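Beneath this line is the structure, given in C-alpha cells, with notes to follow.
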Amino acid sequence: MIYLNIDDREFYDDAVVLVRSFYPRTEVGEYDGQNVTPEDIIIRPDIPEKEGRSRSELHEEFKTDLYKKLEKMTGRTLPWGKLTGVRPSKIAVNLIENKTSDEDIIKLFMDKHYASEAKAKLALGVAHKELGLLGQRDYVNGYSLYIGIPFCPTTCLYCSFTSYSIDKWHDRVEEYLSALFCEMEFVAAKLKNRRLDTIYFGGGTPTTLSADQLDRLLGHMEKCFDMSDIVELTVEAGRPDTVTKEKLDTIKRLGCTRISINPQTMNDAVLKNIGRRHTAEDTVRAFLLARECGFDNINTDLIAGLPGDTAESFENTVNSVLRLDPESITVHSLSMKRSSALTVSGSFPEALMGEEAAKMVSYARNTLKTHGLAPYYMYRQSKTVGNLENVGYAKKGAECLYNVYTMDETHTILACGASAVSKLREPNGSYIERIFNFKYPYEYISRFNELLERKKGVLAFYEKYPYRN
C-alpha cells in the first residue's frame with residue numbers, strides 16, 4: 001500500500017496518477033496516520049507556492065517535483081515522463097501551429113515533460129501527419145458518425161468494453177437493432193443540414209451480426225443519413241472467426257471502404273490465453289477472403305504485452321501480419337483495465353511485462369517504418385503496461401480519417417448504440433459537449449425513451465453554437 005500524505009487536495013489526483021505509473025498494481029490511498037504497516041510506503045509531495053500563479057503553472061510544478069521524487073525513489077524513468085494526458089501529439093500540434101521549430105518541440109518534450117527522445121520524436125511525427133490529413137478537408141463544417149454493436153463471440157481476458165456474448169444475447173439482438181434504428185432516425189433529423197464525412201462501425205464486433213442484419217443496419221443508415229459526401233466508411237470485422245464471404249460482400253455492396261481484422265497476436269498459445277476461439281490461420285483466411293471480396297484498405301490490430309507473449313514471439317506476429325500486406329497496422333499496448341478478468345485475477349506480472357512490451361512497440365515502430373507504414377495517430381490509456389501508447393501506422397493514403405478526427409477532437413462525433421458517447425464540438429471554437437448513452441445493452445433498450453431525451457441535446461447544442469461559414 002502507498003499512502004499520499006498531501007496537504008492540498010487540489011493536487012491529489014495528479015499525485016495518484018503519477019504514483020500508479022511508477023508503482024503499477026499497487027493500491028494508493030490518502031494517509032490518515034492509522035493502520036500503516038512497515039511494508040507500506042508513505043509519500044509526501046511538495047506543494048508549490050500559489051500566490052500570483054495560474055492553476056496550470058501550479059500543477060506543472062507539482063508534477064515536476066513529484067516525478068523527480070518518484071524517479072529517485074524507484075531508480076526508474078517513464079517513457080513519457082510526467083505526461084499523463086491521453087493525447088501527447090496534441091501538444092505537438094499546438095506548438096507547430098504556433099510556429100515552434102521541430103528541434104524546440106523535441107527539446108520541450110524532453111526538458112519540460114521528461115519524455116524520452118524516441119517518444120518526443122513519435123509525438124512530433126504524428127502531429128505533422130495529423131495536420132497534413134486535417135488540411136485535406138474542411139472538417140469544421142462536417143461531422144462523423146459512430147455506430148456501436150456491443151456483441152462479441154467471447155469476452156477477451158483483457159477487455160473492459162461493454163461487449164456481450166452473441167450466444168447469450170442472440171434472442172435479443174433484434175430488439176437491440178430496433179432501438180438502434182430508432183436512435184439513428186432521431187439523431188439524423190437533428191443534423192440533417194450538416195455534412196457527414198466519415199462513418200465508423202465499432203463495438204464489440206459488428207460482424208457478429210448476420211449478413212441479413214448487417215444488410216438491414218447499413219441499409220437503414222443510408223435511409224437516415226445523407227451519404228453523398230462520405231469519404232470513409234469503416235466496419236470492424238475484428239474477430240476473424242466472425243468473417244464470412246456473405247458478410248463481406250454485404251458490407252462492400254453497401255459502401256464499406258475500410259475494414260479492420262484484428263488478431264491481436266499471431267501466436268496461437270497467446271490467443272488461447274486471452275480467451276479467443278480463433279487461430280492465426282483463421283486470421284490469414286479472413287484477410288485473404290477480404291481481398292477476394294474487393295477490400296483494398298484493411299487494417300490489422302495488434303496488442304503488445306499480452307499474457308504469455310514475448311518480444312521474440314511478438315516479432316513473429318509483426319512479420320506474419322506484414323506478409324499479408326495490410327494498408328494499416330495499429331499497435332496497442334495492453335491496458336490493465338479495472339474490470340477486466342486479467343486485472344481482477346491479480347496474477348499478471350505487469351512490471352516485468354512492461355519491459356517486454358517496450359521492446360515489442362520499439363520493434364514494431366522500426367520494422368513498420370521500413371515497410372512504408374508511418375505513424376498517423378496516437379493515444380494513451382491509463383494503466384498501460386510500461387506506460388506506453390497506442391499508435392496507428394498506415395501506408396500513404398490509407399490513413400483512417402475517423403481516427404484522426406476523434407483523437408484530435410477536431411469536429412463532432414455523433415454516436416449511436418449502447419455505451420456510445422457523442423462529442424459535440426463548437427463549430428467555431430474549441431468547446432466540446434458530451435452526451436452519454438446508457439452503457440449496457442439491456443439498459444439501452446429498457447430506458448430508450450430517456451436516451452432520446454438526452455439526444456435532444458444535439459439540437460439544443462447547435463442552436464446555441466450555430467455554424468458560421
Side-chain angles (χ1 to χ4, degrees), residues 137 142-153 163 166 170 173-189 191-192 194-262 285-301 326-328 397-403 405-406 413-418 420:
R137 191 168 178 84
Y143 74 98
S144 290
L145 175 66
Y146 174 86
I147 297 176
I149 305 298
F151 309 117
C152 278
S163 59
I166 192 66
H170 183 269
V173 171
E174 287 296 333
E175 195 176 357
Y176 177 82
L177 289 177
S178 294
L180 181 60
F181 290 176
C182 289
E183 185 185 8
M184 290 162 63
E185 293 168 11
F186 188 85
V187 297
L191 285 177
K192 62 183 177 181
R194 311 301 183 204
R195 189 192 68 231
L196 178 56
D197 291 335
T198 72
I199 301 174
Y200 195 101
F201 284 81
T205 306
T207 45
T208 53
L209 299 179
S210 69
D212 174 68
Q213 288 167 336
L214 287 167
D215 183 85
R216 286 186 283 121
L217 174 58
L218 272 75
H220 195 75
M221 177 189 66
E222 284 187 330
K223 292 178 184 177
C224 294
F225 296 91
D226 180 357
M227 307 284 287
S228 58
D229 289 306
I230 292 292
V231 293
E232 174 186 281
L233 197 167
T234 297
V235 176
E236 284 197 2
R239 299 284 281 264
D241 45 335
T242 68
V243 175
T244 66
K245 186 177 188 303
E246 187 180 11
K247 293 178 185 180
L248 291 172
D249 284 340
T250 297
I251 61 176
K252 181 69 175 173
R253 173 172 51 82
L254 291 167
C256 178
T257 62
R258 179 180 181 272
I259 62 171
S260 189
I261 297 173
N262 306 328
R285 175 197 61 80
F287 194 98
L288 296 179
L289 183 60
R291 288 291 196 223
E292 290 176 16
C293 292
F295 285 95
D296 57 7
N297 192 346
I298 304 177
N299 173 73
T300 300
D301 277 8
E327 282 64 43
S328 59
E399 302 89 354
C400 177
L401 283 176
Y402 175 88
N403 286 335
Y405 290 158
T406 193
I413 306 291
L414 190 63
C416 299

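Since the structure is predicted, the reported quantities are computational estimates derived from the model, not experimental observations.
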Next on the checklist: Could you go through C400 and N299, starting from their C-alpha distance and side-chain angles, then the distance that decides it, and tell me whether this counts as side-chain contact (heavy atoms from CB on, under 4.5 Å)?
Outcome noted: CA-CA 9 Å; C400 177; N299 173 73; over 6 Å; no
Shortest non-hydrogen contact from [X] toward [Y]:
| X | Y | value |
| --- | --- | --- |
| F295 | C256 | CE2-SG, 3.7 Å |
| A188 | C224 | CB-O, 3.4 Å |
| L180 | G148 | CD2-O, 4.4 Å |
| S144 | T198 | OG-OG1, 2.5 Å |
| S328 | R258 | OG-NH2, 3.7 Å |
| T205 | G238 | CG2-N, 3.9 Å |

Atom [atom1] in [X], atom [atom2] in [Y]: separation rounded to 0.5 Å?
| X | Y | atom1 | atom2 | answer |
| --- | --- | --- | --- | --- |
| M227 | I199 | CE | CD1 | 3.5 Å |
| D249 | L214 | CG | CG | 12.0 Å |
| I230 | D197 | CD1 | CG | 7.0 Å |
| I413 | Y143 | CD1 | OH | 11.0 Å |
| L209 | I149 | CG | CD1 | 5.0 Å |
| E185 | E183 | CD | CD | 11.0 Å |

[X] side chain to [Y] backbone, donor-acceptor under 3.5 Å:
| X | Y | result |
| --- | --- | --- |
| D301 | N262 | no |
| E232 | L401 | yes |
| R239 | T208 | no |
| K252 | C293 | no |

Next on the checklist: Using the rule given for side-chain contact (heavy atoms from CB on, under 4.5 Å), can you reason through Y146 versus T406, listing the C-alpha separation, both sets of side-chain angles and the distance that settles it, and then say yes or no?
Outcome noted: CA-CA 10 Å; Y146 174 86; T406 193; over 6 Å; no
Minimum side-chain heavy-atom gap [X]-[Y] below 4.5 Å:
| X | Y | answer |
| --- | --- | --- |
| I251 | F201 | no |
| F151 | H170 | no |
| T257 | N297 | no |
| M221 | L233 | yes |

Next on the checklist: Could you work out, with salt bridge (charged side-chain N to carboxylate O under 4.0 Å, His left out) as the rule, every residue matching E174, not counting sequence neighbours?
Outcome noted: R216
Checklist entry - For R253, what residues pass the side-chain contact (heavy atoms from CB on, under 4.5 Å) criterion, not counting sequence neighbours? => result D215, T250
Checklist entry - Run the side-chain contact (heavy atoms from CB on, under 4.5 Å) check on V243 and K247 step by step: do they pass? => result CA-CA 7 Å; V243 175; K247 293 178 185 180; over 6 Å; no
Item to check | Salt bridge E327-R291, side-chain N to carboxylate O under 4.0 Å | outcome: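 Looking at E327 and R291, the cut-off is met.
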Next on the checklist: side-chain contact (heavy atoms from CB on, under 4.5 Å), that's the test. Do T242 and I166 meet it? Break it down for me.
Outcome noted: CA-CA 11 Å; T242 68; I166 192 66; over 6 Å; no
Checklist entry - Run the side-chain hydrogen bond (donor to acceptor under 3.5 Å, both in side chains) check on D226 and S228 step by step: do they pass? => result CA-CA 6 Å; D226 180 357; S228 58; 2.7 Å; yes
Item to check | Sequence-distant partners of Y200, ring pair (Phe, Tyr, Trp, His ring centres under 6.0 Å), two or more places apart | outcome: Y402
